[in-house]
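Heads up, the thing below is written out as structure tokens.
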Protein chains: 2
Amino acid sequence: MIARSNVTIADVAREAGVSTQTVSRVLNNKGEISPETRRLVSDVIQRLGYRPNSVARSLVTRRTLSLGLVVPDITNPFFPEIARGAEDTALAAGYSVFLCNTTEQAEREVAVLRLLEEKRVDGVVVCSARLPDDQLVPLLRRQRTVVLVNRIVAGAAAGVVRVDDADGTRQAVRHLLGGGRRRLAMLSGPPASWGGRERVRGFREALQAAGLAVDPELILACPPYLDGGARAARRVLLSRRAVDGLVCYNDLVAIGALQACRELGARVPEDVAVVGCDDILLASLVTPPLSTIRVSKYDIGASAVRMLLDRIAAPGPEAAELVIRPTLVARASTPEPHPAAGAAGTTRPAAGGAAARPSAARAGCEPG
Amino acid sequence: MIARSNVTIADVAREAGVSTQTVSRVLNNKGEISPETRRLVSDVIQRLGYRPNSVARSLVTRRTLSLGLVVPDITNPFFPEIARGAEDTALAAGYSVFLCNTTEQAEREVAVLRLLEEKRVDGVVVCSARLPDDQLVPLLRRQRTVVLVNRIVAGAAAGVVRVDDADGTRQAVRHLLGGGRRRLAMLSGPPASWGGRERVRGFREALQAAGLAVDPELILACPPYLDGGARAARRVLLSRRAVDGLVCYNDLVAIGALQACRELGARVPEDVAVVGCDDILLASLVTPPLSTIRVSKYDIGASAVRMLLDRIAAPGPEAAELVIRPTLVARASTPEPHPAAGAAGTTRPAAGGAAARPSAARAGCEPG
DNA sequence: TTTATCGATGTTAGCGATAACGTGATCCTT
DNA sequence: AAGGATCACGTTATCGCTAACATCGATAAA
């Protein structure tokens, strides 16, 4: 017969005939305790079904062993793996993670950061913050520790884990140019996205490096979902401008674009080549399989939390930046590059790449 | 210049020249306060940048305004929408949500439930618990409030939100039989999954109702991922038994099966029809688009939290069960049913069904 | 023996909030 | 005008735990 949960440390102490302090010491393996006492106390704890109240503990230790993870939208396939990497790493260190969706709304981004502050979490990982700097920085300053994912702000004293999106997009553009494409458009995602702006920068730079003009009308913002991509792609395809390649903010947008192409009778990749970004599971499974910029999302989450824990442990250096370099994965939605134009670093996997994590759903073989 | 966060209610009280109790009353809009005092205190709070410490508050109120959400694996596309529905509902009521992945490991399921207990969350939503009853029940009894998703246990005093999986599978089987199939196999997912067992039950019942024999060799357990589905499907297809229809534990398994079929040269749906379950985004986008049993995952999460909050507010009735009835969505992976055999309730959408939620990534039009 | 050392425990004082009750004013009642 | 509401606060006592210091017997060093 297991007792209910209202047991306190005082009950245990009374029952064991020792002070609460002694019980506390057994609990936390702190200080010197005689083996007999330890066993005695442990037995009583077991018998009463005592579980320490971490609320009370947090009040005095000033540490909650909780973290916040702020994402725009967990239903966006980019984020679940990040969350998983974050939670695995946190749990291994004894931390729990609050998951907060901002749903791409500034107001809710503010709300959850405030909530996490009141909850006194030991640190926060903020992914793809959409708030402008002047609103974001004050909120971040109030947090105990912060790691930003795919966002840089000045003066926030935050760690940063970011994907080199500009580089990724440059790779994509070079790949398309290498395949003979000359009229590229970009579906650039939410204007408030820092990563989106980086990708636009990479897009521009790569075009200019190749001596090509950048047509601002061919850079279209869109919501980071299927619909957004489909809509934006339709606009591009229906405009007078002939376009033979689409570089997309993420894979969802790219797959939306794929749908728009099919709708409008544009063959992929013959008429229009399409490149996505992130390499979500979906990318390898659609028809045609989507070329994309791959990055290990699990690692992003895991590294971010690891950095956060480091900063919690040693609030020393203000700066810390981890840059993750993405790689292009060429699939059927883009043409083979001309043998001459060597697209360095490009992989064309026989079967989906090996996942970093054991139980991960593998991309598997690509249905063609 | 905004102050740092170490401001306590006592600081505010001192600065405003009132008691901490008065400040507390302003904070919580409780009791009678004169307008002047309220404004005075509010100003000081503003000026000092005071945020109440919810750890201290929780200690005395015995409520943390936190919930736990336990899922097998957030990277499984079935769960992000549930999490989103749960978080939206929780946040609207002022609650935060701890996300916990059990990674299909009993040991970790135990660990996170213990952690949540120590954190003194006000309630827990447990999705697809894999622990056997005798281990699960004691852990649940220790939680303040529990809602189980897709799992039933005796004597746990928990609310239940569940999908009528048996019915869903019956629909799937009837649909396949209506399409003229006679040799059906089932890839039934993890043996520890309650939903999986329900689906097997539905499978058996529907076959028996049609006067067909159930071949136990054609019911294969498998991990709930692409790989698992592919592997199990290969086993079935390579066995001597001729099979013309596959009913799958979930869409990932079904898509894995699709890959196996392609590999082995079995045409879908001509040679083998395939039905998935859950209607994840992926399902409508693969080739051929996957017929599946649809259920609103967002609603599952939202309802579960709503039920949890109800039970927290009124710990009255021991029992509460919400059954969500799924519907078959027929796509190209299954043959049209014969006009005679009316498969009631079946939808064959022109374009993906309307999502319940505004910003949701729509299934969109089916390429094919 | 005396004293210092140390190991094993107990005592006291909060952590930052709210619950519950107490206390003067003020304002009606009758 | 005395008694009783009502209002607008203030006081006190926890909530369950741990930090920091105090204690106390036993062993080792002088």
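Per chain, numbering begins at 1; letters A, B, ... match sequence-line order.
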Whole Å only: how far is the [atom1] atom of [X] from the [atom2] atom of [N]?
X: B/E32; N: D/dA8; atom1: CD; atom2: P; value: 6 Å
X: A/N6; N: D/dC17; atom1: CG; atom2: P; value: 11 Å
X: B/I33; N: D/dC7; atom1: CD1; atom2: P; value: 13 Å
X: A/K30; N: D/dT18; atom1: NZ; atom2: C1'; value: 7 Å
X: A/N53; N: D/dT18; atom1: CG; atom2: C1'; value: 13 Å

Between A/S96 and B/K119, does the side-chain hydrogen bond (donor to acceptor under 3.5 Å, both in side chains) criterion hold? Intermediate values first, please.
CA-CA 9 Å; A/S96 309; B/K119 287 264 156 72; 2.9 Å; yes
For the helix from C/dT1-D/dA30 to C/dT30-D/dA1, what angle separates the axis at the start from the axis at the finish, each from five pairs, in steps of 10°?
50°
Identify whether any heavy atom of B/T37 sits under 4.0 Å from a base atom; if not, whether one sits that close to sugar-phosphate; answer base, sugar-phosphate or nothing.
sugar-phosphate
Would you say B/R62 reaches D/dG16's phosphate, i.e. side-chain N/O to OP1/OP2 under 4.0 Å?
yes
Just to confirm, is there a sub-4.0 Å distance from OP1 or OP2 of D/dT18 to any side-chain nitrogen or oxygen of A/S24?
yes
Pair B/R151, B/D133 - check salt bridge (charged side-chain N to carboxylate O under 4.0 Å, His left out), show working.
CA-CA 10 Å; B/R151 169 77 183 248; B/D133 279 27; 2.7 Å; yes
Please identify the 5'-most and 3'-most nucleotides of DNA chain C with any atom under 4.0 angstrom from a heavy atom of chain B.
C/dG16 to C/dA20
Flag the pair A/D88 and A/R84 as a salt bridge only when some basic side-chain nitrogen lies within less than 4.0 angstrom of an acidic carboxylate oxygen.
yes
Pick the nucleotide of DNA chain D nearest each of B/R38 and B/V60; which residue has the one closer to the 5' end?
B/R38
Show me the protein contacts with nucleotides 10-13 of chain D, counting only N or O atoms at under 3.5 Å.
unit_1, atom_1, unit_2, atom_2, d
D/dG10, OP2, B/S19, N, 2.8
D/dG10, OP2, B/S19, OG, 2.7
D/dG10, OP2, B/T22, OG1, 2.4
D/dG10, N7, B/R25, NH2, 2.8
D/dG10, O6, B/R25, NH1, 3.3
D/dG10, O6, B/R25, NH2, 3.4

Is there a side-chain contact between A/L309 and A/V305, using heavy atoms and a 4.5 Å cut-off?
yes
Evaluation steps, side-chain contact (heavy atoms from CB on, under 4.5 Å), between A/R57 and A/N28:
CA-CA 11 Å; A/R57 175 181 290 169; A/N28 302 299; 3.5 Å; yes
Could you walk me through whether A/R14 and A/D11 pass side-chain contact (heavy atoms from CB on, under 4.5 Å), step by step?
CA-CA 5 Å; A/R14 191 176 323 112; A/D11 299 330; 3.4 Å; yes
Verdict with reasoning, A/T103 to A/D73, per side-chain hydrogen bond (donor to acceptor under 3.5 Å, both in side chains)
CA-CA 5 Å; A/T103 67; A/D73 183 359; over 6 Å; no
Pair listing, ring pair (Phe, Tyr, Trp, His ring centres under 6.0 Å) test, anchored in residues 81-125 of chain B, at least two apart
A/F98-B/F98
For residues 10-32 of chain A, the ring pair (Phe, Tyr, Trp, His ring centres under 6.0 Å) pairs (sequence neighbours left out) are none
So if I apply the side-chain contact (heavy atoms from CB on, under 4.5 Å) rule between A/V126 and each of A/V71, A/V149, A/L140, which one comes out positive?
A/L140
B/E321 CD to B/L148 CG distance, which is reported to the nearest 0.5 Å:
10.5 Å
Check against side-chain contact (heavy atoms from CB on, under 4.5 Å), B/I45 and B/L27
CA-CA 9 Å; B/I45 287 175; B/L27 244 42; 3.4 Å; yes
A correct 5'-to-3' footprint of nucleotides 23-28 of chain D, with B, S and - meaning base, sugar-phosphate only and no protein heavy atom under 4.0 Å, is ------
Closest heavy-atom pair, A/S58 versus A/R63, reported as atoms and distance to 0.1 Å, is OG-O, 3.0 Å
Which residue is it: B/Q105, B/E104, B/Q135, B/E109? I am looking for the one with a side chain to side chain donor-acceptor pair (under 3.5 Å) to B/R130.
B/E104
